[in-house]
Protein chains: 2
Amino acid sequence: MKTMSTMLKANDLAVTAQRTAVMEFLHGNTDHPSVDTIYKRVKKRFPYISRATVYNTVKTLTRAGMLQEVLVQQDKTRVDSNVSRHHHFKCVRCGRIEDVPYDILTAKHVSEHARGYHVEEVRVVMEGRCKRCR
Amino acid sequence: MKTMSTMLKANDLAVTAQRTAVMEFLHGNTDHPSVDTIYKRVKKRFPYISRATVYNTVKTLTRAGMLQEVLVQQDKTRVDSNVSRHHHFKCVRCGRIEDVPYDILTAKHVSEHARGYHVEEVRVVMEGRCKRCR
DNA sequence: ATATGGATTAGAATAGTTCTAAACTTAGAA
DNA sequence: TTCTAAGTTTAGAACTATTCTAATCCATAT
């Protein structure tokens, strides 16, 4: 697996301690944290980090394709380090957000059923009870 | 077609000029306006209406099932007076949001493909170019 | 080692939304 | 009709998420 440093360099981005810390926190984190959550967690190990830096980092890394911003909640952006195409499942009880494989429902499938639309991308949010909440 | 007054009464809600004005503006409006847009438009005919009233009205009518709040844009809520189940198409060029029939993709269909998930609801946002923008 | 352009910072500013408490209807009872 | 209680509206304050600003800092290329 590529190191953070390698990935940043590959995108012509400076390797900074802040970016690395944000990426390391997100890597392997599957619960789609908000920017504020990232900020608070990273701050523990990196007390001087600023909220603006976390916003900047998320935006920069998203543009570089290293992160994804997920639209599943109206008020705050949720961040996903899984950048492969996939959908989301939101538990109506505990609010947990899980990734769901893309092939459950591809743009192609939708295109076939959606006559007259020129679908390039499909975002699906499924809602129900997660395993824990049933 | 039911009058606004009848619908409000059926839901045990007081019939006020403000609620009626908001509903009348939204009725037949298919472009999913934001609260601010509703406020500005209704204000033209009703100069003393307050922004808080529009927020209250949207929330109240949504709870009563007379409106729907649509999650298609991170920063602001979009309001839809089409309360039947349906999906949305967002034009990546002009930002226009259109309703798409629900049967293109039902919760049932998704459930069949999504093993292990207990799907109660599916929200789909398709993205591409709308007719005008192609 | 040094220069320079990009990155980080704290805090101010902004946008959307919710809250507050007083004033004002609406709807139902008398 | 008139009265009343409960619900509604209002302006503006407050709050939350996010972006902006401008000064400082530091990663990288030389």
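Within every chain, numbering begins at 1; the chains are lettered A, B, ... in the order of the sequence lines, protein sequences first and strands thereafter.
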For the residue pair B:H32 and B:H88, categorise the inter-ring angle as parallel (less than 30°), tilted (30 to 60°) or perpendicular (more than 60°). perpendicular

Going by an N to O cut-off under 4.0 Å, is there a salt bridge joining A:R123 and A:E121? no

Any Lys/Arg nitrogen of A:K59 or A:E69 sitting under 4.0 Å from an Asp/Glu carboxylate oxygen of the other? no

So does [X] get a side-chain nitrogen or oxygen closer than 4.0 Å to the phosphate oxygens (OP1/OP2) of [N]?
X     : N      : answer
B:Q18 : D:dT10 : yes
B:S34 : C:dG16 : no
A:Q74 : C:dT17 : no

Residues of residues 48-67 of chain A with any non-hydrogen atom less than 4.0 angstrom from an atom of DNA chain C: list those, numerically ordered, please. A:Y48, A:I49, A:S50, A:A52, A:T53, A:N56

Between [atom2] on [N] and [atom1] on [X], what's the gap in Å once rounded to a whole number?
X     : N      : atom1 : atom2 : answer
B:R19 : C:dA27 : CZ    : C1'   : 13 Å
A:L71 : D:dA17 : CG    : P     : 16 Å
A:K43 : C:dT9  : NZ    : P     : 9 Å
B:D12 : D:dT8  : CG    : P     : 10 Å
A:L8  : C:dG6  : CG    : C1'   : 14 Å
A:N11 : D:dT28 : CG    : P     : 14 Å
B:F46 : D:dT8  : CZ    : P     : 15 Å

Just checking, any donor-acceptor pair under 3.5 angstrom between side chains of A:T60 and A:T57? no

Would you say the side chains of B:H87 and B:D99 form a donor-acceptor pair under 3.5 Å? no

Can you list the residues that meet the side chain to side chain donor-acceptor pair (under 3.5 Å) rule with A:D36, with sequence neighbours excluded? A:K40, A:R51

Validation row: B:R19, B:L13 side chains within 4.5 angstrom (heavy atoms): yes

Report yes or no: does B:H86 contribute a side-chain atom to a donor-acceptor pair with the main-chain N or O of B:S84 at less than 3.5 Å? yes

Run the side-chain contact (heavy atoms from CB on, under 4.5 Å) test on B:V92 and B:R129 for me, step by step, so that the C-alpha distance in whole Å, both residues' side-chain angles and the decisive distance to 0.1 Å come before the verdict. CA-CA 6 Å; B:V92 291; B:R129 299 276 181 109; 4.2 Å; yes

Which angle, to the nearest 10 degrees, lies between the helix axes at the two ends of the helix from C:dA1-D:dT30 to C:dA30-D:dT1, each defined by five pairs? 30°

Where the side chain of B:K76 is concerned, which of C:dG16, D:dT9, C:dT8 is the nearest nucleotide? C:dG16

Closer to the 5' end of DNA chain C via nearest nucleotide, is it B:D36 or B:K9? B:D36

